Structures are given as C-alpha cells and as structure tokens.
2 protein chains.
Amino acid sequence: MSIAEIAERLAAHGIQPTAQRLRIAAVLLSVPQHLSAEQLLAQLVADGARVSKATVYNTLNLFAGRGLIRPLSVDGVRAWFDSNVEPHYHFHDIESGALTDVAVPEVQFSRLPAPPAGMEVAGIELVIRLRKAPGA
Amino acid sequence: MSIAEIAERLAAHGIQPTAQRLRIAAVLLSVPQHLSAEQLLAQLVADGARVSKATVYNTLNLFAGRGLIRPLSVDGVRAWFDSNVEPHYHFHDIESGALTDVAVPEVQFSRLPAPPAGMEVAGIELVIRLRKAPGA
DNA sequence: TTCCTTGCAAAACTTTTGCATTAAA
DNA sequence: TTTAATGCAAAAGTTTTGCAAGGAA
C-alpha cells in the first residue's frame with residue numbers, strides 16, 4: 001500500500017495524516033495482523049521510525065476510535081489490535097498466545113439472544129481457546 | 001453456602017482450605033458474579049477480613065488454575081473472574097462495563113471451525129458488546 | 001522440623017497524562 | 001498566528017515477586 005493510499009484511508013476516517021500516523025498505519029495495514037502496542041513500537045523502532053511510546057498509544061486509541069483498527073480482548077494482560085476490521089473471529093493458542101483468524105462463514109449462529117431492551121448489539125467477539133491435543 | 005461446604009469445594013479442586021482462601025471463596029461463590037481483583041479485595045476489607053492484595057491475586061490465580069473460577073477477557077485493562085464455571089456467554093455493556101450472563105441455550109452454533117491439527121478446543125469465549133440503541 | 005501460605009513492600013509491566021516543543025493549517 | 005500533534009518523563013493502574021514471618025502438618 002502506497003503512502004498516498006494510506007493517507008487516503010486515514011482521511012476517509014477523519015484522521016489527519018501526520019508523519020508518525022502514516023508510519024504507524026503503514027505497519028498496521030501492510031498485512032492483516034494482530035499487534036500489541038509494544039510490538040508495534042518495536043517494529044517501528046526497528047524500521048528506523050522516530051516515534052515515541054506515548055504517540056503509539058495515542059495513535060492506536062485514535063485509530064480504534066475511528067474504526068480503522070479493532071481492539072481485541074484476548075488476555076487480561078494487554079490490549080491487542082487487529083488491522084482487519086471486517087467481521088471475523090479468532091483462535092487463541094493458550095500456550096503460545098498466537099492469534100489466528102477464523103473467517104465468518106466458518107462460524108454460524110443458528111440462534112443469538114435478543115439484546116436487552118433499549119440496547120443494540122455493537123459487535124460480537126468470539127475467541128476459541130486452543131490447547132495441544134492429548135495425543136499430539 | 002456454609003464454611004464446611006466451601007471447604008469441601010476447595011478440597012474437591014485440590015486446594016488447601018486456609019483462612020484467607022475460605023474468605024475469598026465465600027465471597028466469590030456466594031452468588032454467581034463477575035469480579036475484578038480490586039473489587040474482591042474491597043469487599044473483603046469491607047467485610048473485615050484480614051487479607052492482603054498479594055494473597056488476593058495469588059488466590060485468584062490459584063482458583064482459576066484449578067478450575068474453581070473462570071478468568072474472563074472482556075477489556076484489555078484488567079482481569080475479570082467469573083464464579084460461574086459452567087459454560088455460558090456474556091453481554092458486555094460498553095459504556096458501563098456491566099457484564100450479564102447469556103445462558104448456553106440462548107446461543108446455538110450451527111457451525112464451528114475444526115481446530116488446527118494437533119490442537120483441541122479448550123473453551124469458547126463469546127462476548128456480545130452492547131450499546132444504547134439509537135431510539136432509546 | 002518442614003513445608004506451605006501470607007503480608008508487606010518493592011518491582012515489573014501496561015497505559016495515560018502533563019507540559020514544553022515542534023509541526024502543521 | 002493559531003491549533004494540533006509529538007516526545008519525554010512522570011504518574012497512574014494492574015499484577016507479580018522477593019523475602020521474612022506466621023501457621024499447619
């Protein structure tokens with residue numbers, strides 16, 4: 001994805017395209033992936049980008065608030081961000097912590113509860129925890 | 001639930017029944033509920049129990065490891081523990097943070113993905129995020 | 001005695017915030 | 001010139017850990 005395309009996507013979400021935001025978006029959106037703030041910062045530093053930790057956190061929250069990325073709750077320890085905002089689910093390897101996408105058609109709900117009165121469903125987060133199979 | 005019954009449940013999970021663990025279990029298991037470590041500590045202190053923060057965390061991790069309670073990942077901020085270990089799902093009010101149980105029969109999966117080779121499903125965590133409905 | 005548990009405090013880790021500086025509109 | 005974004009460091013919040021003291025087997 002070119003810088004111009006990234007800038008366009010930011011603009012489409014009402015986000016000013018600063019140098020740091022472009023670098024951060026370039027990493028996040030290069031490939032569908034799941035990253036923590038620390039991992040993202042490490043990659044940016046490795047790439048030679050001049051970005052501070054505060055800006056990484058601020059930018060992740062900004063992007064998430066504007067729907068450019070999706071925050072995930074897979075462990076209670078730290079926040080994860082998914083650069084794929086299309087509906088989908090996740091496998092979570094308990095031991096390694098690895099996250100793998102599960103495409104929507106792989107899961108079918110034949111029944112879902114109606115939300116309580118006055119409420120509507122904002123999203124469905126499904127995490128299938130995996131462990132090593134006994135015989136494996 | 002009497003002290004003796006609580007001690008029995010601990011024993012059934014291979015947990016030595018110390019004074020602090022009994023107090024902690026008494027709070028957790030009194031009613032099916034969702035608690036954070038800090039909330040649990042606050043309640044214990046309010047009840048006049050002599051328990052330290054470290055013991056609360058250690059005990060929660062011990063209980064979770066032995067299957068007496070279930071850790072929940074509903075936000076990336078802190079860990080939640082559910083005293084109901086029977087399979088079930090959750091509504092999560094984004095605004096207030098409130099957690100509500102969704103009984104198993106309320107959700108039916110007509111299709112679930114097969115786990116990757118050598119892996120088995122350890123659990124399914126389903127969180128339905130709720131927001132205020134526009135007209136409400 | 002021996003082993004396990006607890007409390008306290010400190011440390012580790014994740015995330016947010018205050019504020020001066022810099023960059024952009 | 002006015003506003004917004006950034007970096008740095010400090011602070012805040014959550015969880016873990018080291019270690020001495022206490023309690024149970």
Side-chain angles (χ1 to χ4, degrees), chain A residues 3-4 6-7 10-11 13-28 34-45 47-66 68-81 97 99, chain B residues 3-4 6-7 10-11 13-28 34-45 47-66 68-81 97 99:
Chain A
I3 301 283
I6 293 171
L10 294 190
H13 288 81
I15 299 168
Q16 304 275 357
T18 69
Q20 282 80 357
R21 289 174 183 173
L22 287 170
R23 295 293 299 249
I24 291 171
V27 171
L28 280 170
H34 317 97
L35 286 176
S36 68
E38 213 58 42
Q39 287 180 336
L40 176 56
L41 178 58
Q43 171 132 13
L44 287 163
V45 168
D47 291 356
R50 186 179 158 278
V51 202
S52 71
K53 187 187 290 194
T55 296
V56 168
Y57 277 98
N58 289 339
T59 303
L60 284 171
N61 287 336
L62 174 67
F63 284 5
R66 299 294 171 83
L68 192 66
I69 58 179
R70 158 142 75 109
L72 297 180
S73 303
V74 289
D75 58 39
V77 184
R78 89 205 77 231
W80 291 91
F81 294 89
L99 280 174
Chain B
I3 302 282
I6 293 170
L10 295 190
H13 288 80
I15 300 168
Q16 304 275 358
T18 69
Q20 282 80 359
R21 289 174 184 171
L22 287 170
R23 296 293 298 250
I24 291 171
V27 172
L28 281 170
H34 316 100
L35 286 176
S36 68
E38 213 59 42
Q39 287 179 335
L40 176 57
L41 178 59
Q43 171 131 14
L44 288 163
V45 169
D47 293 354
R50 186 179 159 281
V51 201
S52 72
K53 187 187 289 194
T55 296
V56 167
Y57 277 98
N58 289 339
T59 303
L60 283 171
N61 287 336
L62 174 68
F63 284 5
R66 298 294 171 83
L68 192 65
I69 57 179
R70 162 146 67 117
L72 297 180
S73 303
V74 288
D75 57 39
V77 184
R78 88 204 81 228
W80 292 90
F81 294 89
L99 279 175

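All of these numbers come straight from a predicted model, not from anything done at the bench. Order of the sequence lines fixes the chain letters, A, B, ..., with proteins taken first and strands second; residue numbering starts at 1 for each chain.
Distance check: B:Leu62 CG to B:Leu68 CG gives 8.5 Å after rounding to the nearest 0.5 Å. How far CD1 of B:Ile24 is from CG of B:Leu35: 11.5 Å, rounded to the nearest 0.5 Å.
In this model, the phosphate group of D:dT6 is not approached by any side-chain N or O of A:Thr55 to a distance below 4.0 Å at OP1 or OP2.
Distance CZ (B:Arg23) to C1' (C:dT5): 17 Å, rounded to an integer number of Å. Counting to the nearest Å, the P atom of C:dT5 and the CG atom of B:Leu10 are 12 Å from each other. What separates CZ of A:Arg50 from P of C:dT21 is a distance of 14 Å, to the nearest Å. Rounded to an integer number of Å, the gap from B:Leu44 CG to C:dT6 P is 12 Å. In this entry the distance linking CG of A:Leu41 with P of D:dT6 reads 14 Å, nearest Å.
Under the side chain to side chain contact (heavy atoms under 4.5 Å, CB included) criterion, B:Ser36 pairs with B:Glu38, B:Gln39, B:Arg78, B:Trp80, not counting sequence neighbours. Residues passing the side chain to side chain contact (heavy atoms under 4.5 Å, CB included) test with B:Ala64 are B:Ile69, B:Pro71, B:Phe81, sequence neighbours excluded. Every residue meeting the side chain to side chain contact (heavy atoms under 4.5 Å, CB included) condition with B:Ala49, not counting sequence neighbours, appears here in chain and number order: B:Arg23, B:Leu44, B:Val51. Residues satisfying the side chain to side chain contact (heavy atoms under 4.5 Å, CB included) criterion with A:Ala26, sequence neighbours excluded, are A:Ile6.
Nearest heavy-atom pair, A:Ser73 versus B:Asp75, reported as atom, atom and distance to 0.1 Å: OG-CA, 3.6 Å.
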Identify all pairs in which a protein N or O lies below 3.5 Å from an N or O of nucleotides 10-20 of chain C, and state each distance.
unit_1 : atom_1 : unit_2  : atom_2 : d
C:dT14 : OP1    : A:Arg78 : NH1    : 2.1
C:dT15 : OP1    : A:Ala79 : N      : 2.7
C:dT15 : OP2    : A:Tyr57 : OH     : 2.8
C:dT16 : OP2    : A:Asn61 : ND2    : 3.0

Let me check something: any side-chain donor-acceptor pairs from residues 13-21 of chain B under 3.5 Å, sequence neighbours excluded? List them with distances.
unit_1  : atom_1 : unit_2  : atom_2 : d
B:His13 : ND1    : B:Arg9  : O      : 3.0
B:Thr18 : OG1    : B:Arg21 : N      : 3.3
B:Arg21 : NH1    : B:Gln16 : O      : 3.1

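Within a heavy-atom distance below 4.0 Å of DNA chain D, the residues of residues 14-22 of chain A found are A:Gln16, A:Thr18, A:Gln20, A:Arg21.
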